[in-house]
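Both counts, for ligands and for their atoms, begin at 1 and track the order of listing. Sequence positions, counted from 1, serve as the residue numbers for this chain.
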Amino acid sequence: MIVKTAEFLVSNSYYQSCPKPDKPEYAFIGRSNVGKSSLINKMVGIKGLAKTSGKPGKTQLINHFLINEKWYLVDLPGYGYASIPLKIKAKWETMISGYLQTRKNLLTTFVLIDIRHSPQKNDIDFIENLAEHQIPFAIIFTKADKVTSRKQKVNLKTYEDYLRENWEELPAIFVTSSETGLGSEPVLDYIEQANKVFAYQTE
Ligand code: GTP
Ligand code: MG
């Protein structure tokens with residue numbers, strides 16, 4: 001898919017105030033600092049559209065971007081960021097789980113995972129929670145430029161083997177880098193296919 005237009009629409013702290021669910025929607029979630037906002041910018045080709053930072057905890061709201069005037073890409077706050085007050089953490093969790101569980105037009109939740117690490121408990125817990133609530137998801141590994149291509153393959157296989165221990169079928173999996181642009185196209189193509197299904201179902 002070619003991204004012709006991408007614009008920031010709105011930030012919300014309440015999922016109830018998000019834009020009308022009349023277009024297909026895709027959300028980026030994952031640990032703080034994993035690279036959600038950076039990958040959105042790379043995919044749409046606009047530096048600085050989604051706010052990024054070297055420090056975790058940059059994205060704090062539900063951010064809607066409108067792409068090609070046709071579908072929504074949503075940047076969410078990260079989880080697993082240790083140094084936020086418990087009260088705010090609880091508020092974020094309510095905001096994110098409320099959004100994920102009620103958003104009718106949310107076709108795929110992309111869970112972003114840093115390819116450098118072995119499977120982490122909070123990512124696995126998050127994925128299992130999505131599955132329990134029957135929220136369709138895919139996995140995007142980030143920061144591939146930070147490891148050799150050999151290490152990419154090894155870490156990917158470790159992750160897939162780990163998931164296979166509990167899952168019969170693996171979700172769609174992508175390997176990306178916001179530095180090199182690796183993987184942006186396959187993710188956009190996946191979204192393009194899903195958009196077609198959405199159009200077909202609402203006809
Ligand atoms: P929160 O909003 O805090 O949850 O973080 P985030 O997941 O949106 O991460 P963000 O995109 O802000 O990136 C965090 C840091 O990682 C920044 O310093 C980015 O430059 C860096 N980063 C993100 N993606 C990549 C990547 O693919 N490669 C490299 N080398 N650095 C990356
Ligand atoms: Mg962010």
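Among the atoms of T176, none of the N or O lies under 3.5 angstrom from an N or O of ligand 1. Backbone and side-chain nitrogen or oxygen atoms of S38 are examined, and one is located within less than 3.5 angstrom of a nitrogen or oxygen of ligand 1. For ligand 1, one of its N or O atoms has an N or O atom of K143 under 3.5 Å away. For ligand 1, none of its N or O atoms has an N or O atom of D75 under 3.5 Å away. Note: an N/O pair closer than 3.5 Å links G57 and ligand 1 by distance alone. Below 3.5 Å of separation, one finds no N or O of K146 facing any N or O of ligand 1. At least one N or O atom of V34 sits closer than 3.5 Å to an N or O atom of ligand 1. Backbone and side-chain nitrogen or oxygen atoms of K36 are examined, and one is located within less than 3.5 angstrom of a nitrogen or oxygen of ligand 1. Taking distance alone, with nitrogen or oxygen atoms compared against 3.5 Å, G35 approaches ligand 1 more closely than that limit.
For T59, heavy-atom contacts with ligand 1 shorter than 4.0 Å involve the backbone as well as the side chain.
Within the 3.5 Å criterion, the main-chain N or O of K51 finds a donor-acceptor partner in the side chain of S37. Remark: the backbone N or O of L49 is paired with a side-chain donor or acceptor of N41 at under 3.5 angstrom. T142 places a side-chain N or O within 3.5 Å of a backbone atom of V34 that can act as its donor or acceptor partner.
Only protein N, O or S atoms were considered, and those under 2.8 Å from the Mg ion (ligand 2) are S37 OG, T59 OG1.
Of the protein's non-hydrogen atoms, the one nearest atom 5 (O) of ligand 1 is N33 N, 2.9 Å.
Ring to ring, Y190 and F110 are close: their centroids are under 6.0 angstrom apart.
Shortest non-hydrogen contact noted between V74 and E25 is CG2-OE2, 3.5 Å. Residue R164 comes nearest to L170 through the heavy atom pair NH2-CD1, 3.4 Å, listed as atom of the first residue, atom of the second, then distance.
Looking only at side-chain heavy atoms (C-beta outward), N105 and W71 stay at 4.5 Å or farther from each other.
Residue M43 holds its CE atom at 4.0 Å from CG of L188, rounded to the nearest 0.5 Å.
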